[in-house]
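One structure is given below, encoded as C-alpha cells.
All values derive from a computational prediction rather than experimental measurement. Order of the sequence lines sets the chain letters (A, B, ...), proteins ahead of strands, with each chain counted from 1.
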Amino acid sequence: NAGVTQTPKFQVLKTGQSMTLQCAQDMNHEYMSWYRQDPGMGLRLIHYSVGAGITDQGEVPNGYNVSRSTTEDFPLRLLSAAPSQTSVYFCASSYVGGITLHFGNGTRLTVT
Amino acid sequence: SQQGEEDPQALSIQEGENATMNCSYKTSINNLQWYRQNSGRGLVHLILIRSNEREKHSGRLRVTLDTSKKSSSLLITASRAADTASYFCATDEDTGFQKLVFGTGTRLLVSP
C-alpha cells in the first residue's frame, strides 16, 4: 500500500503565483485533512473533509482553498501565494470514527 | 489555537538511557496521542491513551495521563539511536475527535 502520497515534495513559488498541492490516499479513508508545520508552532489544521463533497475550515484556513470530488484525493490550492505561506504542508487521513491519523511525507513550500 | 505545549523542546541523551518528554494541554479531551516524526518525513502514530486511562504501555513506550493537571508524559526506555526524532502529542478537541490539535514537539537526539 502506498498510504498517503503527497506531490510535489518541494516547491518554490514567487509571491502572487498559484499552485495546487496534491494529496492522494489508497486506504479508502473518508476523513482527510491538511496541516501546516512551522518551526516552534507544531502542526496547525488548515482544512479538512469527512467525505466527498464535504469540506470545512480548520484553525488557519485563510489563503487556502480545498475541494473533495473523490474519496481518494484532497488537493490544497493556494490562489495567490504569500511569503507567510512558506511552510511544510502535511496531508493526513483516517476512517471517519477512527482516531489516529496517517500522514504523507509532506510538501516543503517556499514563497519568495 | 495551540493546544499542547511540550517540554523539553530538545533532549539529548546516550543510547541505553531513558527519555522522558511532557505535554500539557488546555481543554477537556477524549484521548491523547503521541506521534513521532523522523527528519524530512511525516508523522507516525505511536500510542493513544484515553481520558479514562492513567497509564499505557507499548513495547519500550510508556505513556501517562493526568487529566486533573491536563498533562501527559511519554517515556522511552533503553533508547536507541533510531529513536532520534521529534515527538508530538496530539489531543482531540472535545467537540471533534478527528480535529487533532498538536503540541510544539520535543526534539530527541540519541547518541551512540
Side chain, backbone, both or neither: which part of A/Gln6 has a heavy atom under 4.5 Å from chain B?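 No part of it gets close to chain B.
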Does any part of the side chain of [Y], heavy atoms only, come nearer than 4.5 Å to the side chain of [X], both counted from C-beta?
X: B/Val101; Y: A/Leu45; value: no
X: A/Gln37; Y: B/Gln37; value: yes
X: B/Thr104; Y: A/Met41; value: no

If Ile, Leu, Val, Met, Phe, Trp and Tyr residues are connected whenever their side-chain heavy atoms lie under 4.5 Å apart, and connections chain through other members, are [X] and [Y] in the same group?
X: A/Tyr31; Y: A/Phe74; value: no
X: B/Leu61; Y: B/Tyr87; value: yes
X: B/Leu32; Y: B/Met21; value: yes
X: A/Phe103; Y: A/Val66; value: no
X: B/Ile49; Y: B/Ile76; value: yes

For B/Arg80, does the CZ atom sit with more than 12 other heavy atoms under 6.0 Å from it, leaving out its own atoms? no
CD (B/Glu53) with more than 12 external heavy atoms under 6.0 Å: yes
For B/Leu43, is it the side chain, the backbone, both, or neither that has a heavy atom closer than 4.5 Å to a heavy atom of chain A?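 Both parts, backbone and side chain.
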Residue part contacting chain A, namely of B/Arg50, when any heavy atom lies under 4.5 Å: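 Just its side chain gets close to chain A.
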Which atom pair, heavy atoms only, marks the closest approach of A/Leu43 to B/Phe88?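 Closest heavy-atom pair between A/Leu43 and B/Phe88: CD1-CE2, 4.3 Å.
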Over all atoms of both residues, closest heavy-atom pair of A/Asn105 and B/Arg41: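 Shortest heavy-atom separation between A/Asn105 and B/Arg41 comes out as OD1-NE, 3.1 Å.
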Distance (rounded to the nearest 0.5 Å) between [X] [atom1] and [Y] [atom2]:
X: A/Thr100; Y: B/Ile47; atom1: OG1; atom2: CD1; answer: 12.5 Å
X: B/Gln33; Y: A/Ile99; atom1: CD; atom2: CD1; answer: 7.0 Å
X: B/Phe102; Y: A/Tyr35; atom1: CZ; atom2: OH; answer: 5.0 Å

Dump the intermediate steps for side chain to side chain contact (heavy atoms under 4.5 Å, CB included) on B/Leu100 and A/Leu101, then the final yes or no. CA-CA 9 Å; B/Leu100 291 185; A/Leu101 292 177; 3.7 Å; yes
